[in-house]
Amino acid sequence: MLLDVAAEVTANTQLSPDYNVIALSAPDIARVAQPGQFVMIRTQPGLDPLLRRPFSIFERLRDASGSFTGVSLLNKRVGVGTSLLFSARQGDRVGVLGPLGRAFVPVDPPAEAWMVAGGVGLAPFVTLAEALVERGTPMRLFYGARSAADLYYADWFERLGAALHLTTEDGSRGDRGRVTLPLLHALETTPAQQHVALYACGPTPMMRAVAGAAEHHGRSVAVSLEPVMGCGMGGCYSCVVPVRRGAGRQFVRACLEGPIFDGQAIVWDALGGH
Amino acid sequence: MLLDVAAEVTANTQLSPDYNVIALSAPDIARVAQPGQFVMIRTQPGLDPLLRRPFSIFERLRDASGSFTGVSLLNKRVGVGTSLLFSARQGDRVGVLGPLGRAFVPVDPPAEAWMVAGGVGLAPFVTLAEALVERGTPMRLFYGARSAADLYYADWFERLGAALHLTTEDGSRGDRGRVTLPLLHALETTPAQQHVALYACGPTPMMRAVAGAAEHHGRSVAVSLEPVMGCGMGGCYSCVVPVRRGAGRQFVRACLEGPIFDGQAIVWDALGGH
Amino acid sequence: MADLTTRIGSLTLRNPFIGASGCFGYGLEYAGAVDLASLGGVAVKGLFLEERQGHPPPRIVETPAGMLNAIGLQGIGVRRFVAEKLPELRRLGATTIVNICGSTLDEYCEVARILSDHEGVGAIELNISCPNIKEGGIQFGCSLHGTFDVVSGVRKVTTLPVIPKLTPNVTDVASFARASEEAGADAVSLVNTFLAMAIDVETRTPKLSNVMGGLSGPAIRPIAVRMVWECFQAVKLPIIGMGGIATAEDAIEFLIAGAAAVQVGTANFVDPFIWSKLTSGLDDYMQRHHIARVADLVGSLNIPAKAHA
Amino acid sequence: MADLTTRIGSLTLRNPFIGASGCFGYGLEYAGAVDLASLGGVAVKGLFLEERQGHPPPRIVETPAGMLNAIGLQGIGVRRFVAEKLPELRRLGATTIVNICGSTLDEYCEVARILSDHEGVGAIELNISCPNIKEGGIQFGCSLHGTFDVVSGVRKVTTLPVIPKLTPNVTDVASFARASEEAGADAVSLVNTFLAMAIDVETRTPKLSNVMGGLSGPAIRPIAVRMVWECFQAVKLPIIGMGGIATAEDAIEFLIAGAAAVQVGTANFVDPFIWSKLTSGLDDYMQRHHIARVADLVGSLNIPAKAHA
Ligand SMILES: Cc1cc2nc3c(=O)[nH]c(=O)nc-3n(C[C@H](O)[C@H](O)[C@H](O)COP(=O)(O)OP(=O)(O)OC[C@H]3O[C@@H](n4cnc5c(N)ncnc54)[C@H](O)[C@@H]3O)c2cc1C
Ligand SMILES: Cc1cc2nc3c(=O)[nH]c(=O)nc-3n(C[C@H](O)[C@H](O)[C@H](O)COP(=O)(O)OP(=O)(O)OC[C@H]3O[C@@H](n4cnc5c(N)ncnc54)[C@H](O)[C@@H]3O)c2cc1C
Ligand SMILES: Cc1cc2nc3c(=O)[nH]c(=O)nc-3n(C[C@H](O)[C@H](O)[C@H](O)COP(=O)(O)O)c2cc1C
Ligand SMILES: Cc1cc2nc3c(=O)[nH]c(=O)nc-3n(C[C@H](O)[C@H](O)[C@H](O)COP(=O)(O)O)c2cc1C
Ligand code: FES
Ligand code: FES
């Protein structure tokens with residue numbers, strides 16, 4: 001069920017000079033949203049910027065009584081639209097179109113779910129983690145960021161029961177270096193008969209590395225890609241991703257057949273853009 | 001001295017569903033502004049809207065100690081830019097370019113100054129009235145609006161010592177009908193030897209009527225015109241007004257040679273636009 | 001409710017609002033947002049005879065009040081279209097306008113023939129104006145003879161309404177409307193996108209993989225309105241106008257300039273629920289101005305005598 | 001500080017930033033906002049031999065990320081210009097580019113001759129591209145022969161740099177650059193405005209008294225950049241690029257596309273203090289990218305081999 005809501009900004013929590021969490025009152029979207037789905041955000045009325053911006057649904061917000069009140073976005077300021085969201089004020093209105101795209105498929109126990117997040121790539125994993133907890137699926141979060149201050153919500157995942165494998169580029173928390181290091185270690189030390197489903201979201205090089213490592217260890221991985229999207233609805237063919245089809249490959253629309261893809265199916269060499 | 005200030009909105013007082021007074025922190029502009037001058041307002045960053053909007057300087061704001069803190073605008077909501085100013089919030093920033101244009105020339109006693117305002121045409125008269133009070137020039141304000149609720153600041157002028165001649169279309173305050181009625185009456189009942197300088201701002205038909213009446217009674221009138229202005233600085237030639245030059249007539253730039261003009265010099269038939 | 005129906009040759013549309021080709025997928029993508037039967041029409045993504053991969057990403061870039069696209073006409077080909085999409089479009093009651101492309105005159109004709117053999121095609125829009133691929137017909141669309149040849153060629157092989165879509169990247173668009181009229185077109189649609197480019201100054205490379213792309217969106221509207229007005233004065237054919245329409249008022253501007261119907265592309269990306277706003281906005285306007293039929297609005301621009309020129 | 005100077009034929013500009021003709025009055029209007037000597041140049045409002053009244057208002061209308069204008073080349077005529085404005089421009093140290101118009105070839109030549117007899121004219125920009133008046137030279141600018149004739153005609157009567165200003169309202173702008181080169185131009189400038197119109201739907205009349213006007217501003221930038229790139233590949237002449245430049249990054253886009261200098265028009269209306277931002281922005285960029293001279297930036301667009309095409 002597709003909705004377009006002129007949502008009021010109910011809160012804007014700035015986590016750092018370039019990260020914030022913005023809460024939007026859109027209960028109907030929260031109600032139907034599936035793990036890893038996204039919304040197209042109209043950051044401001046008028047024509048500048050013109051196009052909507054795609055964002056993963058970060059949290060599905062509830063009130064005390066547990067009924068849905070809206071969704072939040074984990075926003076990283078990189079350009080005009082994300083800057084508007086970064087400095088949005090309570091009472092501002094933004095257009096929220098969604099929910100859109102294919103969702104993550106949460107695995108059931110005894111399989112383990114390993115989430116691999118780089119920076120803002122954490123966004124789709126809050127909703128996934130909640131779905132996994134419902135199923136009682138054991139979770140691990142491999143989470144890399146620039147420094148300790150940028151490892152947002154790590155404790156939230158821990159409270160939820162996820163085993164944390166944190167890395168920072170400056171070593172200020174967790175291991176120093178790339179998030180793929182602890183992941184590789186875990187892949188090597190985990191017995192083959194233990195079924196593990198991987199989920200990855202982050203910079204393209206990271207997701208590509210995760211897909212490679214997973215393949216090497218015979219594990220499947222679902223990646224959440226971030227191509228430029230003009231419409232989010234299958235109308236414009238701007239968001240295409242090259243996937244293997246038989247011998248050859250094909251450009252498929254990430255807004256319809258993704259943003260969640262089987263990492264092994266992506267032709268990473270041909271994946272341009274972001 | 002021309003300034004461009006990214007002024008903070010310090011207050012926004014909504015007077016009615018379509019009128020508001022917006023206070024902008026631009027002390028340097030307040031300091032040098034002359035009666036009837038205008039500013040070009042960039043209502044919002046970005047490209048929508050693209051061009052600045054011209055506004056008379058309504059008040060020159062002072063703090064308790066009497067030093068200038070900024071200027072205010074009397075804004076009437078008619079389109080995209082004025083709507084943004086109508087709903088602007090404290091802390092927003094708007095670009096203020098100015099002061100611009102020719103100023104009113106305040107007369108000295110024993111001459112009387114008669115100000116004729118229609119609706120938002122009141123805007124340039126607060127600064128003029130202050131200049132007249134300094135000179136001790138007797139003032140009258142002929143002020144017409146839709147209804148009593150739209151006769152803003154009338155009492156302020158009264159406190160300053162101006163004799164009020166108010167009219168409303170619905171008769172809810174002052175005489176019912178056009179502001180030109182009490183003006184005509186005053187023109188007829190005032191002895192020719194009493195020197196009177198007229199100043200008019202409002203809808204074009206009103207200013208035209210005032211200019212005609214003044215001419216009929218051998219009085220001069222300074223009108224403040226409102227052509228569309230692309231730049232406010234003489235760069236674009238969009239703001240031209242047809243004025244008599246010898247036998248013929250000529251298009252002159254209202255942003256440089258106006259917005260204040262000798263009402264008799266305007267070729268009203270050829271004055272298009274607003 | 002005013003009468004919003006409008007005629008494009010033999011085709012009667014429920015209202016003047018058509019989903020623009022390439023901005024509305026195959027129509028079905030939007031069935032969840034809007035009842036396709038409530039639209040004036042659905043212009044589907046440009047189709048060649050065969051499937052096409054299109055250009056590699058990045059395929060779009062936002063520009064001031066507009067966007068560039070160089071999709072490269074990725075598509076499933078006309079055969080898969082008639083097999084997989086057309087029946088569903090029929091079932092949903094869509095008035096389907098099929099936008100077709102060709103590398104050669106024969107390909108245009110072959111695609112048109114195949115479409116003519118199937119139920120549910122309302123009209124054929126000849127894309128002779130895609131700026132983004134060499135073989136996209138632009139070599140036809142930029143030459144008066146080429147335009148005449150494609151239109152008259154396709155005219156011969158189908159009884160469906162034939163609507164050449166004109167490029168704005170020419171000196172005199174009206175002459176292309178005239179050539180289309182002489183060649184037997186039932187209508188013309190304009191404008192396709194403006195050839196344009198954007199450069200990433202940090203890498204000093206084009207922002208689009210295809211280097212150049214087509215500019216669409218509100219930015220181009222004033223040029224498109226001018227071209228529709230020029231064509232309206234030049235030909236008797238009905239005109240389908242487009243270019244930057246984002247509100248009912250924008251659409252009315254095109255109707256007044258001479259368009260009998262309009263397509264909406266880029267704005268549909270921003271607001272897939274725009275269609276009911278367009279129809280109700282037009283209805284309000286017509287009632288307010290006591291205009292009974294869309295036809296009474298079409299080309300109703302009046303130009304005052306230059307009083308003080 | 002990087003070396004921001006750039007050469008347009010025999011003329012060396014302090015930096016690539018020129019006030020666009022018709023958007024900068026006669027330059028003097030802006031002397032209070034910017035030191036004219038700090039600009040690369042000042043292109044003054046288009047001048048005929050005689051004074052002109054121009055079109056009645058309304059003369060402009062805002063459009064999405066742009067504006068239409070139909071000023072109608074109101075101006076004081078070349079004789080009053082050289083008498084009343086030129087001396088002051090010299091005194092202020094401005095590099096003055098005089099934009100000239102003509103109803104006939106002879107008028108262009110006569111205006112050029114008069115300018116050549118006076119000190120302080122840096123170059124002559126031939127306005128053969130004003131879309132707003134019949135006799136504004138557009139009949140020259142839209143024909144290759146006309147362009148050739150005006151350029152070679154004016155070339156004969158002056159030793160000043162001759163810079164024809166090209167219209168974007170043609171199918172192949174590069175061919176006009178070539179015709180200019182063959183005719184002996186020292187440079188070309190582009191683009192002038194795009195012919196366009198806007199309609200007041202309430203009155204169903206044009207929003208401009210002249211019906212049509214020229215579209216300028218950020219909206220047109222992607223088309224203008226494309227045209228500059230096309231001309232850069234077609235001719236050896238220096239190019240003065242313009243069309244929607246509002247930031248240093250926009251200007252750099254034009255330089256990378258092949259412009260040796262740029263003009264800024266509409267954006268100067270919005271921000272008359274833009275000039276120092278443009279120069280410092282370019283300086284920062286060149287230092288960050290270790291680009292010593294503007295010339296090293298001009299036309300430096302690199303087009304990657306289509307990896308996955
Ligand atoms: C499915 C999906 C989910 C996403 N989830 C999040 C999220 O949860 N949090 C978050 O901060 N970001 C997320 N992104 C990335 C986000 O969409 C971009 O950062 C944003 O569009 C940038 O817009 P801008 O105006 O700030 O940048 P600009 O550079 O000004 O944008 C210019 C154009 O490029 C596009 N663009 C620029 N960067 C990206 C990018 N990285 N990915 C896709 N399009 C881009 C914009 O949409 C716009 O069309 C997601 C992207 C996708 C496709
Ligand atoms: C010297 C001067 C002083 C003014 N002082 C005031 C004032 O004190 N308070 C006030 O409320 N208004 C004032 N105006 C009118 C004000 O500039 C317009 O109401 C405003 O520009 C409308 O902008 P918009 O975006 O809301 O309307 P839109 O219709 O969206 O504007 C579209 C374009 O038309 C122009 N425009 C529209 N209406 C007018 C108009 N009436 N006059 C001039 N340009 C117009 C706009 O500037 C813009 O370029 C003044 C105008 C001038 C020339
Ligand atoms: C992403 C995209 C894809 C397009 N694909 C096609 C196409 O396949 N065939 C065609 O004739 N026009 C195509 N167009 C042009 C549009 O149909 C329309 O002519 C143009 O976008 C102007 O309308 P707009 O400003 O409302 O988008 C495309 C436009 C866009 C933005
Ligand atoms: C109000 C206005 C007046 C103009 N007058 C002239 C002119 O007299 N001669 C000319 O060659 N170009 C004229 N132009 C075109 C500009 O010089 C420039 O080519 C065009 O506006 C594109 O640049 P911009 O987008 O930076 O404004 C005018 C443009 C505007 C907006
Ligand atoms: S974003 Fe338009 S098709 Fe995917
Ligand atoms: S507003 Fe531009 S010249 Fe007056």
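By convention in this document, chain letters (A, B, ...) are assigned in the order of the sequence lines, proteins followed by strands, and residues within each chain are numbered from 1.
- With salt bridges taken as basic N to acidic carboxylate O contacts below 4.0 Å, one links C:Arg288 and D:Glu202.
- Between chain D and the residues C:Val201, C:Thr63, C:Leu255, the largest count of heavy-atom pairs under 4.5 Å involves C:Val201.
- The number of heavy atoms from other shown groups lying within 6.0 Å of CD (D:Gln53) is above 12.
- Within the 4.5 angstrom heavy-atom criterion, only side-chain atoms of D:Glu230, from C-beta onward, approach chain C.
- Rounded to the nearest 0.5 Å, atoms CD1 (D:Ile199) and CZ (C:Arg226) are 13.0 Å apart.
- Interface remark: of the candidates C:Glu253, C:Glu249, C:Met227, C:Glu253 forms the most heavy-atom pairs closer than 4.5 Å to chain D.
- Panel note: side chain D:Thr205, backbone C:Asn302; no donor-acceptor pair is recorded below 3.5 Å.
- Heavy atoms of C:Tyr285 lying under 4.5 Å from chain D belong exclusively to its side chain.
- For the options D:Leu195, D:Ile303, D:Ile256, D:Thr203, heavy-atom pairs under 4.5 Å to chain C are most numerous at D:Leu195.
- Contacts between residues 216-225 of chain D and chain C, defined by a heavy-atom separation under 4.5 Å, are made by D:Pro218, D:Ala219, D:Arg221, D:Pro222, D:Ile223, D:Val225.
- For the set D:Ile252, D:Asp200, D:Leu301, the count of heavy-atom pairs under 4.5 angstrom toward chain C peaks at D:Leu301.
- Note on D:Pro206, D:Ala198, D:Gly213, D:Gly244: by heavy-atom pairs under 4.5 Å with chain C, the leading option is D:Pro206.
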